[in-house]
Asker: 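Structure in structure tokens, see below.
Quick caveat, the model's predicted, so the values are computed rather than measured. These values consider heavy atoms only, across backbone and side chains, with no hydrogens, waters or symmetry-generated copies.
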Amino acid sequence: MRLLQFVPATWDIISFLTNGKNITQVIGGALISLIGIICVVVSVVFFAMKLLSEQSRKSWFLIIGLLIFGGVCLTGGILLFVNIASGAQTTVDQLGGGLILLGLGA
């Protein structure tokens, strides 16, 4: 009868970084969703204050901007920001390669 059974685990750098990336994406997605919820709630509160108070100094631009940014954070999450970053990396790589090929970088 076996009381203990050892499970082989891989402790190489590739699996460590892959697991770290996955955990970071989950935590980052939760934080971005939390920021989105906060932005939407604050925009609704500012909207109510703007309608009920004559002396509210909050602009309509701020209220609508918070609502849009909060909605983007809630619906897009971490994948939206990862896709934007990967698109920016491609653009920077292309620009960097173009400058080197034209001889403008030196």
Asker: Are F47 and I64 linked, directly or through intermediate hydrophobic residues, by side-chain heavy-atom contacts shorter than 4.5 Å (ILVMFWY only)?
Answerer: no
Asker: Got a list of side-chain donor-acceptor pairs under 3.5 Å for residues 20-30, not counting sequence neighbours?
Answerer:
unit_1, atom_1, unit_2, atom_2, d
N22, ND2, T18, O, 3.4
T24, OG1, G20, O, 2.6

Asker: Measure the CG-SG distance between L31 and C73 for me, rounded to the nearest 0.5 Å.
Answerer: 11.0 Å
Asker: Any chance you could measure F46, atom CZ, to S53, atom OG, to the nearest 0.5 Å?
Answerer: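 Reported to 0.5 Å precision, the distance equals 12.5 Å.
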Asker: Rounded at 0.5 Å granularity, tell me how far CD1 in I35 sits from CD1 in I38.
Answerer: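 Answer for the CD1-CD1 pair, I35 versus I38, is 7.0 Å.
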Asker: Find the distance between NZ (K50) and CD (Q55) and round it off to the nearest 0.5 Å.
Answerer: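 Interatomic distance, K50 NZ to Q55 CD, rounded to 0.5 Å: 12.0 Å.
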Asker: Enter the distance from M49:CE to I63:CD1 here, rounded to the nearest 0.5 Å.
Answerer: 8.5 Å
Asker: Between CG of L67 and SG of C39, what distance do you get to the nearest 0.5 Å?
Answerer: 9.5 Å
Asker: Does one hydrophobic cluster hold both W60 and L52, with members joined at side-chain heavy-atom distances below 4.5 Å?
Answerer: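 No, because W60 and L52 fall into different hydrophobic clusters, even though each may have its own neighbours under 4.5 Å.
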Asker: Kindly indicate whether the side chain of F69, heavy atoms from C-beta on, has any atom under 4.5 Å from the side chain of L66.
Answerer: no
